[in-house]
Amino acid sequence: MNSEDTAATGRTSGAGVQAPILEAEHLKKAYNGRPALRDLSFSLAPGRILGFLGPNGAGKTTAIRILTTILEPDAGRFTIAGIDSRCPEQIRARIGVLPESQGYPKEMTGVGYLTYFARHYGWSAKDAQRLSWALLEVVGLQHRARSLIGSYSRGMRQRLGIARALVNDPAVVFLDEPTLGLDPRGQQELLALIRRLAREHGAAVILCSHLLSEIESVCDDVVILSQGQVVAKGSVLDVIGRARGSGVRVQVPLSAMADAEQVLEALPFVVRVVPKGQGSGWLLVEVLGGSAESNIAHNAVLEALILAKIPILTFEAEGSRLQEVFLQLTEETIR
Ligand code: ADP
């Protein structure tokens, strides 16, 4: 695995960078000869949340199905907690998967449902009950433990599903579009729960979403897929920050370089100004902040140069190429 493949790891602790809990190398899958996943490689460290982001048909569900051993890849391999993908049963024992939203038995109670799964994983009747109550508390459903699932709201069912995914104390939890169909409050509560899972329980989480805002608010790392291809991957800050532009390139006449540097360095939000290419007149201006703030900063850079009467030959937002990929990739689907 090369260094780019490990871009989505790198959580540091006192002990330094943690070893990945999941490593995927060159996964490929086609349906009836049509590629759905072309070459997926990434790795994930414990306690980190990774998002698969992409519009419908990008290959997110196919990737999740492969990693949860429901589908076999045509090529490539992966390991979870050191177990090779050629041992699917052992992998299944170490992962948790959010069930499909229709897959809940309406006539069971929440606690009955969880106890059933805990028994399936070999807990004694008493321990299974105890574990189920503890998990219901983790997901904030203890007060409805004895209600029938048929009476649960969609958000409550999703939280029960997360509790079920945790029954076997998994190393990696897979959540495919977990907030689909929830109202904004339900969405926020579920995302907060997912964050807690990773932070307090140390589970690594893989989350699929077509919503950029969701990935941005909850994930540490992101893999952006488009038509089965990885178009970007790495930490959310790097990928999304870069996509939205955290700097600008300006070209000024050579004779105005020194003045331009001086004017721009005096701006409070400018981190630094770096001349690019010997004698080309290009300056790279790094600005503070991520998305919205950097747009304001870009305008202020322009304004400062104009006020100082420095001719601007070219002005480009950093990362605009990736931004184009984003727009192309997302069209209307990512907000
Ligand atoms: P996403 O989850 O990002 O919406 P999918 O992994 O579901 O994407 O789909 C990727 C591509 O594979 C799409 O073009 C989809 O139509 C196709 N596909 C998915 N599942 C099947 C299937 N069972 N049979 C044939 N084609 C499929």
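Atoms within a ligand are numbered from 1 in the order they appear, just like the ligands themselves.
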Does some non-hydrogen atom of the protein lie less than 4.0 angstrom from atom 15 (C) of ligand 1?
no
Nearest non-hydrogen protein atom to atom 19 (C) of ligand 1, with distance, is Tyr31 CE1, 3.3 Å
Does the separation of the ring centres of Phe42 and Phe78 fall below 6.0 angstrom? no
The closest protein heavy-atom partner of atom 5 (P) of ligand 1 is Thr62 OG1, 3.7 Å
Note: ligand 1 atoms sitting under 4.0 Å from heavy atoms of Asn56 are 4 (O)
Atoms of ligand 1 under 4.0 Å from any heavy atom of Ala58, numbered from 1 in the order shown, are 1 (P), 3 (O), 8 (O)
task: For ligand 1, find out whether one of its N or O atoms is nearer than 3.5 Å to an N or O atom of Arg34.
output: no
Residue, atom and distance of the protein heavy atom nearest atom 10 (C) of ligand 1 read Gly57 O, 3.4 Å
Is there a salt bridge (Lys or Arg N to Asp or Glu O under 4.0 Å) between Asp39 and Lys28 once you walk through the steps? CA-CA 5 Å; Asp39 186 2; Lys28 293 185 183 134; 5.1 Å; no
Answer with yes or no whether the side chains of Ser85 and Arg77 bring together a donor and an acceptor at under 3.5 Å. no
Ring centres under 6.0 Å, that's the criterion: do Tyr121 and Phe117 meet it? no
among protein heavy atoms, the one nearest atom 2 (O) of ligand 1 is Thr61 OG1, 2.6 Å
Practice item. Could you establish whether Gly54 and ligand 1 come within less than 4.0 Å of each other, counting only heavy atoms on the residue side? Key: no
Per side-chain contact (heavy atoms from CB on, under 4.5 Å), Phe52 is matched among Thr61, Ile215, Leu67 by Leu67
Any Cys208 heavy atom less than 4.0 Å to ligand 1: no
Numbered in order shown, the ligand 1 atoms found under 4.0 Å of a heavy atom of Pro55 are 3 (O)
Practice item. Using a cut-off of 6.0 Å, state whether more than 12 heavy atoms not belonging to Trp133 lie near its atom CH2. Key: yes
### Query
Hey, is Asp183 close enough to Arg185 for a salt bridge, meaning N to O under 4.0 Å?
no
Looking only at protein heavy atoms, what sits closest to atom 8 (O) of ligand 1 is Gly59 N, 3.1 Å
Result for side-chain contact (heavy atoms from CB on, under 4.5 Å) between Trp282 and one of Thr314, Leu313, Val274, Val252 points to Thr314
